Amino acid sequence: MILDTLLKKQNMTKYRLAVEAGIPHATLSDICSGKTRLEKCSAETICKIARTLGVSMEILTEDGIRATEREHIYEQG
C-alpha cells in the first residue's frame, strides 16, 4: 500500500502521522489495515494525510482508484 511505503520512506509511525495530520489514530489504523479504503475517505482527510507526508492527494488515491476500476471491470465482464 502506498501509505505504508510513504511512512517507511519518511521514517514516520502511523501514530505520528495521525497526530501531525490532525486525524484520529483509529481512522488511520482502519485505512492502513484495509478496513477503510482511502479513496472512500473525505477529501479533507486525504488532504491532511497528503499534506503531512508532502505528497499530492492524487498519489495517495491513485492505486485505490485503479483497483476499484479493475473490480468494476471484473464484475461487468
Side-chain angles (χ1 to χ4, degrees):
M1 172 180 228
I2 187 76
L3 198 49
D4 291 326
T5 303
L6 291 169
L7 285 169
K8 276 185 186 172
K9 252 186 190 176
Q10 299 199 15
N11 197 26
M12 184 181 284
T13 64
K14 293 172 188 169
Y15 179 77
R16 183 171 148 217
L17 173 59
V19 170
E20 289 186 19
I23 61 171
H25 183 256
T27 299
L28 189 59
S29 290
D30 286 349
I31 293 167
C32 290
S33 71
K35 185 177 178 182
T36 301
R37 297 173 82 169
L38 188 60
E39 65 274 10
K40 299 288 184 184
C41 292
S42 71
E44 181 181 9
T45 297
I46 296 170
C47 182
K48 287 178 178 181
I49 293 170
R51 190 177 327 125
T52 303
L53 291 173
V55 297
S56 69
M57 291 173 61
E58 290 81 11
I59 287 176
L60 289 181
T61 56
E62 198 171 290
D63 288 339
I65 290 170
R66 283 194 190 128
T68 301
E69 287 173 351
R70 282 192 302 270
E71 287 172 13
H72 288 310
I73 290 169
Y74 179 76
E75 289 170 358
Q76 293 172 357

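Nothing here was measured: the structure is a model prediction, and the numbers come from that model.
Atom CD of residue Q10 and atom CG of residue L17 lie 8.5 Å apart, to the nearest 0.5 angstrom. Atom CZ of R37 and atom OG1 of T61 lie 12.0 Å apart (nearest 0.5 Å). To the nearest 0.5 Å, the span separating SG on C47 from CD1 on I23 amounts to 11.5 Å.
Within the structure, salt bridge (charged side-chain N to carboxylate O under 4.0 Å, His left out) pairs that include any residue of residues 45-54 comprise E44-K48 (at least two apart or interchain). Sequence neighbours left out, not one pair with a member in residues 37-62 passes ring pair (Phe, Tyr, Trp, His ring centres under 6.0 Å). Counting only residues at least two apart or in different chains, side chain to side chain donor-acceptor pair (under 3.5 Å) contacts with residues 18-31 comprise R16-E20.
In terms of heavy-atom proximity, M57 sits nearest to A50 at N-CB, 3.9 Å.
Under the 4.5 Å side-chain heavy-atom criterion for ILVMFWY residues, a single connected hydrophobic cluster contains both I59 and I31. By the criterion of side-chain heavy atoms lying less than 4.5 angstrom apart, applied directly or through intervening Ile, Leu, Val, Met, Phe, Trp or Tyr residues, M12 is grouped together with L28 in one hydrophobic cluster.
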Only pairs under 3.5 Å count here: list side-chain donor-acceptor contacts from residues 1-8, not counting sequence neighbours, and write none if there are none.
residue, atom, partner, partner atom, Å
T5, OG1, M1, O, 3.3

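In this view, S42 and T45 satisfy the side chain to side chain donor-acceptor pair (under 3.5 Å) rule, not counting sequence neighbours.
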